[in-house]
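Everything below concerns the one structure shown next.
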Amino acid sequence: MPDRPRYYLTTAIAYANHKPGLHTLYEVIGADVIARWHRLKGDDTRFLTGTDEHSVNIAIRAAEEGLEPRAFVDARVGEFTDAEGALGITPDRFIRTTDPDHVAAAQEMVRRAFANGDIYLGTYEGWYCPNEGFKANSDLHETAAGWQCPNHPDVPLQWLTERNWFFRLSAYQERLERWFLDNPGAVQPDFRRNEMLGFIRGGLEDFSISRAGATWGIPFPIGEDGQTAQREDGSWDPEAGTIYVWYDALINYITGAGFLSDPDAFGRWWPADLHVIGKDIARFHTIFWPAMLWSAGLEAPRKVWIHGFLLLRGGERMSKSRGNIFDPHDMIEAFGSDGTRYVALREVPFDRDAEVSWEAFVRRYNADLANDFGNLVNRTVSMAGRYLGGERPAPRTAPGASALGHAWSETLPAYAERLEGCLLHEALAALWDFVGAANRFVDGEQPWVLAKAAKAGDAEAAARLRDALGDLVEACRVVGLAAAPFLPQTAPRLLAQLGHSFPYGPDGNGGPPILDELAWGGRAAESGTLGFPEPLFPRLDVESVEG
RNA sequence: GGCGGAGUAGCUCAGUGGUAGAGCAGGGGACUCAUAAGCCCUUGGUCACAGGUUCAAAUCCUGUCUCCGCUACCA
């Protein structure tokens with residue numbers, strides 16, 4: 001079997017403390033589109049999503065609900081996988097930081113850093129909220145009475161010191177800066193890259209990677225004496241503490257590639273081609289993570305893409321704690337799974353923040369999906385069926401013969417380039433420019449006029465009618481197929497209406513290279529029977545749709 | 001405070017020296033294949049403000065105002 005290009009991409013793992021909102025799933029939808037695109041291209045693709053389940057905060061939340069941490073996160077994980085399923089997300093593995101192979105991987109990474117001399121015992125100092133643990137100054141309020149925890153203003157903060165293991169991040173400052181300079185595409189978009197570069201140049205401090213008191217976490221594998229913290233019965237010495245969540249969470253990306261558990265797989269999948277993450281965790285992924293990998297003798301990821309946030313009107317940040325989230329289930333009910341995927345990725349540029357609103361989503365759905373694209377397919381299938389019978393008309397494929405074919409030859413490369421460059425909103429814009437061209441083509445050709453003339457015996461009109469409708473059917477085919485990563489449920493239904501098959505599996509695997517399929521006239525030689533024109537995206541009445 | 005970015009039509013944005021643009025929203029029209037969709041036309045802007053350079057500035061320079069991002073251990 002010839003080697004296919006491989007493509008390994010991940011999302012950030014979701015913090016399993018609340019049920020997921022659209023602002024969390026947004027990133028997963030975008031990454032799923034990229035994963036599907038690579039599968040459709042024929043790349044050997046591995047896509048990882050999952051949940052981050054350790055930390056003191058999780059244990060506190062669980063206690064608030066009267067649950068053991070494990071039972072608490074199990075429930076959260078179920079909500080997350082349900083939401084992913086409802087949105088057509090297709091991870092090749094849904095990883096949990098409580099998975100046994102991940103626990104082993106994180107502990108091995110600590111051992112490797114220790115063996116490399118990058119971990120040492122030190123003292124961590126900071127404000128400590130008895131209810132939440134150590135807090136950064138930026139998370140606290142300074143009042144006349146001193147510093148306060150915003151969540152527990154009545155509980156006095158304590159200045160505590162804790163004996164912790166530290167990771168020697170400072171040792172990697174020069175190598176990190178060189179990595180940024182030598183690989184300008186590794187951290188993107190550019191303005192995020194510049195921010196991270198500035199942070200590096202400002203000087204890097206070592207950071208603590210263990211938590212002494214915490215019990216809900218991965219046991220720290222090394223004791224203060226430098227020996228293993230594992231006891232003869234296999235249990236871990238609680239005195240060694242647990243691994244700080246970031247030295248746990250990031251490692252999921254290599255666990256999911258087979259680190260430790262499957263060295264052959266790991267050799268094939270690592271380094272990852274793409275980590276898709278939010279701007280709030282850019283530093284961990286572009287600075288801490290490469291250094292952690294290098295310390296263990298592994299390669300840094302090839303690319304980290306940093307997206308923005310969904311904001312409410314006025315720029316207010318959406319967050320679980322404020323409760324001002326879009327519930328994905330409400331959106332799926334209104335727009336369907338594909339409609340939700342589309343409006344989220346079209347309304348929010350994948351490289352920056354955007355304000356979103358229910359009204360804007362409805363407008364976008366109606367304008368792009370119902371009116372422009374859905375109606376194009378509907379009028380095309382309807383006319384072709386009525387004027388030409390059930391046989392699918394063939395497009396004009398001779399060079400220069402079809403204006404739409406020519407337009408497509410410019411649309412496709414632009415679409416692919418933007419998609420592979422993570423500019424998903426611009427990829428859709430390119431595709432929809434072509435949809436507009438197809439709608440204008442209909443009005444220019446006026447097939448209904450040609451049909452009357454043909455019926456009256458005008459052979460020239462009959463030929464022109466057949467050609468125009470052939471081009472239009474082909475335009476619908478290539479757009480529907482190209483949009484399949486965004487609209488995975490719609491694509492097969494659309495192609496069926498056109499009398500074409502959709503030669504890919506539910507996750508996009510197993511078919512011919514999509515770039516071959518997307519050539520204008522790529523299936524022109526095949527005959528087919530048109531299906532019934534059924535609206536793909538029913539228009540929504542703005543008044544009747546509740547947010 | 002430091003570094004970086006932004007301020008252009010009601011909204012979202014493109015436009016880095018040569019007569020202000022797109023999409024959406026609003027208004028009008030012709031058509032009728034279609035999901036009252038599509039198509040055509042159109043209203044709408046002292047390009048944040050003030051200076052400066054230039055034959056010419058949204059664009060280059062200086063200053064001011066406003067907003068935003070980053071400025072390390074919640075994740």
Side-chain angles (χ1 to χ4, degrees), chain A residues 12-17 52 54-58 60 124 126 129 132-140 149-151 164 166-167 169 190-192 194-199 201-209 211 244-249 278-284 287-288 308-309 311 313 315 320-321 346-349 352-357 359-360 363-364 366-387 425-426 429 432-433 435-436 438-451 469 472 533-540:
Chain A
I13 46 176
Y15 197 43
N17 63 341
D52 182 12
H54 292 124
S55 86
V56 175
N57 285 339
I58 296 274
I60 291 169
Y124 181 80
C129 170
E132 290 192 39
F134 281 98
K135 304 288 288 185
N137 276 16
S138 56
D139 290 327
L140 302 173
C149 173
N151 301 327
N164 277 338
F166 280 73
F167 177 74
L169 183 65
D190 267 328
F191 74 101
R192 294 292 172 203
N194 290 340
E195 286 176 359
M196 293 303 108
L197 200 46
F199 183 86
R201 287 170 170 161
L204 298 177
E205 299 170 12
D206 299 343
F207 64 97
S208 69
I209 64 163
R211 288 294 179 269
Y244 170 51
V245 284
W246 274 110
Y247 219 95
D248 158 354
K279 65 179 184 178
D280 52 336
I281 52 176
R283 195 171 61 234
F284 297 102
I287 297 173
F288 289 29
F309 286 153
L311 306 173
R313 213 187 321 262
K320 289 172 258 197
S321 51
R346 187 66 187 83
E347 280 294 299
V348 184
R352 55 186 187 267
D353 294 354
E355 289 181 22
V356 297
S357 68
E359 293 71 23
R363 251 200 322 273
R364 180 64 76 176
N366 278 339
D368 288 11
L369 293 178
N371 297 351
D372 287 344
F373 182 46
N375 186 52
L376 171 69
V377 173
N378 197 237
R379 67 201 302 210
T380 296
V381 174
S382 177
M383 284 191 287
R386 176 176 310 177
Y387 300 148
H425 58 297
E426 291 192 7
W432 255 253
D433 279 348
V435 170
N439 271 316
R440 286 189 291 277
F441 179 79
V442 175
D443 288 86
E445 292 297 305
Q446 302 187 57
W448 50 94
V449 174
L450 295 173
L469 289 174
L472 281 167
E534 284 181 273
L536 297 168
F537 301 101
R539 187 178 164 79
L540 298 174

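Sequence lines set the chain letters: A, B, ... in the order given, protein chains first and strands last, and positions in each chain run from 1.
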Open item on the list: Would A:R211 pass as a cation-pi partner of A:Y124, given that its NZ or CZ must be under 6.0 Å from the six-membered ring centre and within 45 degrees of the axis?
Closed with: yes
TODO: Classify the side chain of A:S208 and the base of B:C73 as holding, or not holding, a donor-acceptor pair under 3.5 Å.
DONE: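 For A:S208, whose side chain was compared with the base of B:C73, there is a donor-acceptor pair (under 3.5 Å).
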TODO: Mark yes or no for a side-chain to base donor-acceptor pair under 3.5 Å between A:N371 and B:A37, with no hydrogen or angle criteria applied.
DONE: no
Task: A:Y244 side chain near B:A75 phosphate (N/O to OP1/OP2, under 4.0 Å) - done: yes
- [ ] Please check if the distance between the ring centroids of A:W432 and A:F373 is under 6.0 Å.
- [x] yes
Open item on the list: Check whether A:D372 reaches the backbone of A:V435 with its side chain - one donor and one acceptor, N or O, closer than 3.5 Å.
Closed with: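 Side chain of A:D372 to backbone of A:V435: no pair is present.
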- [ ] Say whether, by atom type as modelled, one donor and one acceptor occur between the side chain of A:D353 and the main chain of A:F309 under 3.5 angstrom.
- [x] yes
From [options], pick the nucleotide closest to the side chain of [X]?
| X | options | value |
| --- | --- | --- |
| A:F166 | B:C73, B:C33, B:C39 | B:C73 |
| A:Y15 | B:A34, B:A75, B:A25 | B:A75 |
| A:N378 | B:C40, B:C24, B:U35 | B:U35 |
| A:D372 | B:U35, B:G38, B:C70 | B:G38 |
| A:F288 | B:A72, B:C33, B:A75 | B:A72 |
| A:P535 | B:U35, B:A75, B:G69 | B:U35 |
| A:N57 | B:C74, B:G38, B:C39 | B:C74 |
| A:D443 | B:C33, B:A37, B:C70 | B:C33 |
| A:S382 | B:U35, B:A72, B:A34 | B:A34 |

Task: Opposite nucleotide pairing with B:A36, Watson-Crick or G-U, both atom distances under 3.5 Å - done: none
Open item on the list: Which nucleotide, if any, forms a Watson-Crick or G-U wobble pair with B:A75, using both distances under 3.5 Å?
Closed with: none
TODO: Using the C1' atom as the reference point in each nucleotide, state the distance between B:U16 and B:G5 in Å, no decimals.
DONE: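 Straight-line distance between the two C1' atoms is 16 Å.
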Open item on the list: Could you tell me how far B:G63 sits from B:G21 if I compare only their P atoms? Round to whole Å.
Closed with: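 Pairwise P distance, B:G21 against B:G63, rounds to 32 Å.
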Task: B:C33 base stacked by A:W448 (centroids within less than 5.5 Å, tilt under 30°) - done: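 Whether judged by distance or by angle, A:W448 passes, so it stacks on the base of B:C33.
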Task: Heavy-atom pair with the smallest gap, counting every atom of A:F537 and A:G374 - done: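 That would be CD1-CA, 4.4 Å.
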- [ ] Take atom CD of A:E359 and atom P of B:G10, then tell me their distance rounded to the nearest Å.
- [x]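 Taking atom P of B:G10 as the reference, CD of A:E359 is at 20 Å.
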- [ ] In whole angstrom, give the distance that lies between atom OH of A:Y124 and atom C1' of B:A72.
- [x]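 In whole Å, B:A72 C1' lies 9 Å from A:Y124 OH.
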Open item on the list: Return whichever of A:E347 or A:F284 has its heavy-atom-nearest nucleotide of RNA chain B closer to the 5' end.
Closed with: A:E347
Open item on the list: Assuming nearest nucleotide by heavy-atom distance, tell me which of A:R346 and A:T380 is located more 5' along RNA chain B.
Closed with: A:R346
Open item on the list: With ring-ring contact (aromatic ring centres under 6.0 Å, His included) as the test, pick out the partner of A:F167 among A:F288, A:W246, A:Y247.
Closed with: A:Y247
Open item on the list: Applying a 4.0 Å non-hydrogen cut-off, can you work out what A:L376 is touching in the nucleic acid: base, sugar-phosphate, or nothing?
Closed with: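 Contact class for A:L376: none.
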